[in-house]
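Read the structure below first, then the notes.
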Number of protein chains: 2
Amino acid sequence: MITLKQVATKAGVSYQTVSKVLNRKIQVSEETEKRIMDAVRDSGYRPNQIARNMRAKRSLMIGYSWVQTSPDQVNHILDLFLTSMVREAEAAGYHLLPFPFRAGQAHVDDYRELIDTSRVDGFVLSSVNYNDPRINFLLERRVPFVSFGRSNPELDFPYVDVDGADGLLQAVEHLIANGHRRIAAIAWPDNSRVGNERMRGYFQAMQSAGLKTHPEWIERGEGTYEFGREAAFRLLELPEANHPTAIVTLNDTQAIGALHVARERGLEVGRDVAIVGFDDAPMSQYLQPALTTVRQPISEAGHKCVEILVSLMERNPPQDHQALLKPRLIVRASG
Amino acid sequence: MITLKQVATKAGVSYQTVSKVLNRKIQVSEETEKRIMDAVRDSGYRPNQIARNMRAKRSLMIGYSWVQTSPDQVNHILDLFLTSMVREAEAAGYHLLPFPFRAGQAHVDDYRELIDTSRVDGFVLSSVNYNDPRINFLLERRVPFVSFGRSNPELDFPYVDVDGADGLLQAVEHLIANGHRRIAAIAWPDNSRVGNERMRGYFQAMQSAGLKTHPEWIERGEGTYEFGREAAFRLLELPEANHPTAIVTLNDTQAIGALHVARERGLEVGRDVAIVGFDDAPMSQYLQPALTTVRQPISEAGHKCVEILVSLMERNPPQDHQALLKPRLIVRASG
DNA sequence: AACGTTCGTGCGAACGTTCGCCTACATAGT
DNA sequence: ACTATGTAGGCGAACGTTCGCACGAACGTT
């Protein structure tokens with residue numbers, strides 16, 4: 001491992017001078033500068049990052065943890081999100097430190113540990129919900145962080161989020177434009193911040209169009225295939241009069257469940273009943289019929305998270321520390 | 001930030017003594033030990049990891065980069081693989097450092113940079129193929145690494161891999177047991193190490209069963225939906241006499257393409273023609289018919305990679321530095 | 001009583017940086 | 001000639017650890 005001292009001996013100057021020249025802290029004669037630069041090049045010197053960090057009292061690391069999805073749930077998002085964060089971080093001289101996410105209140109400990117041992121300078125949070133203990137903890141400790149997803153509305157902290165309400169608004173407006181009037185929703189339990197936000201878009205679109213919503217059109221449960229089936233079954237069993245002609249869902253997995261039930265009942269999805277998903281999971285395009293769904297700008301979100309976080313960590317004027325990104329409806333054959 | 005010195009002042013000893021006591025390097029009187037431990041607890045002291053690493057000349061970091069899959073290709077593997085690596089690494093006191101993967105020969109530079117700036121102690125490689133420049137580079141530099149996937153057979157280096165040959169062997173044997181005799185394969189170009197390995201299992205199974213293989217039964221091309229379609233189309237157009245009754249593929253995306261083509265031609269997949277995928281992508285179970293496919297033990301692979309790497313980095317006797325894990329055939333309705 | 005042994009601590013140094021301050025010399029202004 | 005100003009570069013210290021060595025006291029041995 002090459003150090004400053006070795007380069008300095010080679011160049012015939014003190015090692016501190018080499019450091020200063022490399023960091024453009026001082027001006028030296030053209031001749032010594034050349035000697036130093038040659039020595040650096042010849043030896044292949046690369047500054048030891050650990051020593052640097054020690055001196056600067058920072059790690060140039062960003063902590064990130066995510067929930068492990070159940071094996072049957074797609075996490076196509078992770079690849080995109082991580083890659084975009086890693087790219088943006090690297091451009092700013094940072095690296096990512098992924099760590100295991102533990103459920104439960106105790107998992108603030110992992111964050112504390114990483115801070116106290118000064119392994120990371122800041123965090124990107126994901127899978128936040130109401131009353132997320134991490135947010136208060138990090139705010140109190142004044143540790144820079146950005147949350148991917150919002151939490152309690154009364155808390156003010158830096159976040160990036162996808163405008164889920166707009167996603168469902170687009171979906172419902174699209175269905176209305178296609179002539180649908182009785183639109184049902186397969187949603188999540190109302191303790192989900194993300195779920196409630198998305199449903200807000202549903203209600204808003206229905207109301208703007210002057211359409212009534214019925215309680216029996218709203219099915220709340222898990223984001224699983226099984227719940228998608230159950231919910232669709234109940235919806236399609238409703239009496240003819242207020243029987244929905246279209247179903248929006250909060251994720252593609254639910255949508256697939258609904259799609260199967262519809263088909264099993266002899267309905268042709270896309271003609272007899274419309275079904276819209278959310279997420280644009282990689283295989284949604286290969287379903288038959290291909291799934292109309294809402295695609296989230298995941299890469300942009302990753303970029304933005306790191307961009308904001310970096311400016312917080314470097315104590316730059318924290319410009320806009322909140323960003324809401326618009327998703328995009330991908331219209332395919334299912335609705 | 002609490003340091004050793006502060007704890008030491010509190011306990012009335014020298015800071016070096018605190019360090020030694022915490023690291024169990026020396027024995028002190030019961031009384032001072034208690035004073036020190038109390039001071040540690042009260043102050044919430046946590047050793048500064050950067051200083052530690054500086055002193056120990058290591059980073060406790062494992063570098064990892066992966067190819068960004070194209071948006072329409074599933075990377076459900078990343079979540080499982082990363083999570084299992086991160087867990088195992090943490091148990092050994094290490095963390096993961098993910099970095100952007102750049103294609104092309106120049107990307108050894110990223111590895112070099114991470115080593116030279118002593119940011120990582122070792123690497124886990126993935127997406128290796130024949131003549132991977134990273135392998136020779138790391139071997140030469142004597143940097144500890146483990147590859148997930150094999151490369152040229154003549155090179156001896158630590159790896160973990162899934163036995164792809166066994167995967168196809170299982171698939172083909174299963175088809176034969178179900179009465180199939182004319183089994184085609186949709187494969188990858190023969191410059192793919194992984195693809196060739198899997199095909200070896202196909203040939204072996206066919207041969208063991210005394211079945212002939214025909215060149216026109218082997219379709220080689222990309223692992224995409226489109227190629228799956230094209231290949232299946234050609235296979236199903238073959239004259240009645242040597243027209244395959246079953247198709248194995250090298251990934252689920254190809255399998256879905258084949259499945260659609262079969263259905264479009266009026267065949268009932270699972271009865272008229274069998275189709276088997278590879279990967280067990282999350283949505284494969286929700287296809288209609290649900291896809292029979294080969295599931296790889298990704299979590300085990302992640303664990304094993306890190307386990308071997310850690311023992312290499314700590315210069316422990318490098319026990320078994322190569323591991324071949326068996327995949328498992330998941331039988332569903334498609335074949 | 002003088003002498004090794006052990007035990008409990010402290011001290012100095014080192015890891016590779018960066019940074020503030022100092023010095024030596026040259027140049028310019030009076 | 002003497003002082004002010006500027007410039008090139010060196011020197012010491014510090015960041016928070018760990019580790020080797022030294023040192024005093026207590027103890028048992030000769």
Side-chain angles (χ1 to χ4, degrees), chain A residues 1-40 43-61 93 113-121 314, chain B residues 1-40 43-61 93 113-121 314:
Chain A
M1 200 101 308
I2 320 290
T3 75
L4 273 183
K5 291 197 183 171
Q6 299 173 41
V7 176
T9 330
K10 199 170 226 165
V13 292
S14 79
Y15 65 95
Q16 296 96 330
T17 303
V18 178
S19 164
K20 288 177 188 166
V21 168
L22 286 178
N23 297 322
R24 302 180 195 291
K25 295 280 176 184
I26 60 169
Q27 185 75 323
V28 294
S29 74
E30 229 175 89
E31 188 206 327
T32 34
E33 167 138 14
K34 180 166 160 34
R35 280 211 319 280
I36 291 176
M37 286 318 199
D38 287 351
V40 167
S43 59
Y45 169 77
R46 306 264 56 210
N48 182 316
Q49 205 47 233
I50 301 185
R52 254 194 182 170
N53 292 343
M54 157 121 189
R55 171 72 213 203
K57 286 169 164 302
R58 54 184 201 167
S59 62
L60 293 176
M61 287 274 164
E113 177 77 8
L114 288 170
I115 302 161
D116 287 349
T117 59
S118 77
R119 258 188 257 245
V120 306
D121 297 336
E314 318 229 309
Chain B
M1 198 101 310
I2 321 291
T3 74
L4 272 183
K5 292 197 183 169
Q6 300 174 40
V7 177
T9 330
K10 199 170 228 165
V13 291
S14 79
Y15 66 95
Q16 296 97 327
T17 302
V18 179
S19 164
K20 288 177 190 167
V21 167
L22 286 178
N23 297 323
R24 304 179 192 290
K25 294 280 179 187
I26 58 168
Q27 186 74 322
V28 295
S29 72
E30 229 176 88
E31 187 206 328
T32 33
E33 167 138 14
K34 181 166 158 37
R35 281 212 317 281
I36 291 176
M37 286 317 200
D38 288 350
V40 166
S43 59
Y45 168 78
R46 305 265 54 210
N48 181 317
Q49 203 48 232
I50 300 183
R52 249 189 186 179
N53 292 344
M54 159 119 186
R55 170 73 213 202
K57 285 169 165 303
R58 56 185 201 166
S59 61
L60 293 177
M61 287 275 164
E113 177 77 9
L114 288 170
I115 302 161
D116 287 350
T117 59
S118 74
R119 259 188 258 244
V120 305
D121 297 336
E314 318 228 309

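As the structure is a computational prediction, the values presented were derived from the model and not from experiment. Per chain, numbering begins at 1; letters A, B, ... match sequence-line order.
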Q.
Taking 4.0 Å as the cut-off, does a side-chain nitrogen or oxygen of A/T17 come that near to OP1 or OP2 on D/dG9?
A. no
(Q) Any N or O donor-acceptor pair under 3.5 Å from the base of D/dG9 to the side chain of A/Q16? (A) no
Q. Atom CZ of A/R35 and atom P of D/dG9: how far apart are they, to the nearest Å?
A. 8 Å
Q | Side chain A/R46, main chain B/T117, donor-acceptor under 3.5 Å | A | no
Q) Does any N or O donor sit under 3.5 Å from an N or O acceptor when you compare the side chain of A/R55 with the base of C/dT18? A) yes
Q) Just how far, in rounded Å, is P of C/dC11 from NZ of B/K5? A) 12 Å
Q. According to the Watson-Crick and G-U wobble definitions, with both distances under 3.5 Å, which nucleotide is paired to C/dA13?
A. D/dT18
Q) Which whole-number value in Å describes the distance from B/I26 CD1 to C/dC11 C1'? A) 13 Å
(Q) Would you say B/S19 places a side-chain N or O within less than 4.0 Å of OP1 or OP2 belonging to D/dT18? (A) yes
Q) Is the backbone of B/I115 close enough, under 3.5 Å, to the side chain of B/S118 for a donor and an acceptor to pair up by distance? A) no
Q: Spell out yes or no: do the side chain of A/K20 and the base of D/dG10 have one donor N/O and one acceptor N/O closer than 3.5 Å?
A: yes
Q) Does A/N23 make a side-chain N or O approach to OP1 or OP2 of C/dT18 shorter than 4.0 Å? A) yes
Q | Interatomic distance where CG belongs to B/L22 and C1' belongs to D/dT17 [whole Å] | A | 12 Å
Q) Should A/R52 be listed as having a side-chain N or O under 4.0 Å from OP1 or OP2 of C/dT18? A) yes
Q: Could you tell me the separation between the OH atom of A/Y15 and the C1' atom of C/dT18, rounded to a whole number of Å?
A: 10 Å
Q.
With a 4.0 Å cutoff (strictly under), does any side-chain N or O of A/Y45 reach OP1 or OP2 of C/dT17?
A. yes
(Q) Return the pairing partner of D/dT30 with a 3.5 Å limit on both distances, Watson-Crick or G-U wobble; otherwise return none. (A) C/dA1
Q. Quick one: which of D/dG16, D/dG10, C/dT9 gets closest to the side chain of A/V13?
A. D/dG10
Q. Can you tell which of C/dG16, D/dT18, C/dT18 lies closest to the side chain of A/A51?
A. C/dG16
Q. Pick the nucleotide of DNA chain C nearest each of B/A56 and B/S14; which residue has the one closer to the 5' end?
A. B/S14
Q: Measure the distance from CE on B/M54 to P on D/dA14 and round it to the nearest whole Å.
A: 15 Å
Q.
I'd like to know whether B/L22 forms a side-chain contact (heavy atoms from CB on, under 4.5 Å) with B/M37, so could you lay out the CA-CA distance, the side-chain angles of the two residues, the decisive distance to 0.1 Å, and finally the verdict.
A. CA-CA 8 Å; B/L22 286 178; B/M37 286 317 200; 4.1 Å; yes
Q. B/K57 has an atom NZ; how far is it from atom P of D/dC19, in whole Å?
A. 14 Å
Q. Starting at CG of B/L4 and ending at C1' of C/dC15, how long is that distance when rounded to a whole Å?
A. 15 Å
Q. Should B/V13 and B/V18 be marked as a side-chain contact (heavy atoms from CB on, under 4.5 Å) after you check the CA-CA gap, both sets of side-chain angles, and the distance that decides it?
A. CA-CA 7 Å; B/V13 291; B/V18 179; 3.7 Å; yes
(Q) Can you tell me if A/K25 touches the phosphate of C/dC19, counting only side-chain N or O atoms and a distance under 4.0 Å to OP1 or OP2? (A) yes
**Q.** Side-chain N,O (B/S29) to OP1/OP2 (C/dT9) below 4.0 Å
**A.** yes
(Q) Taking A/L114's backbone N and O only, do any of them form a donor-acceptor pair with A/R119's side chain (distance below 3.5 Å, no angle check)? (A) no
Q. Between B/R35 and B/E31, is there a side-chain N and carboxylate O pair less than 4.0 Å apart?
A. yes
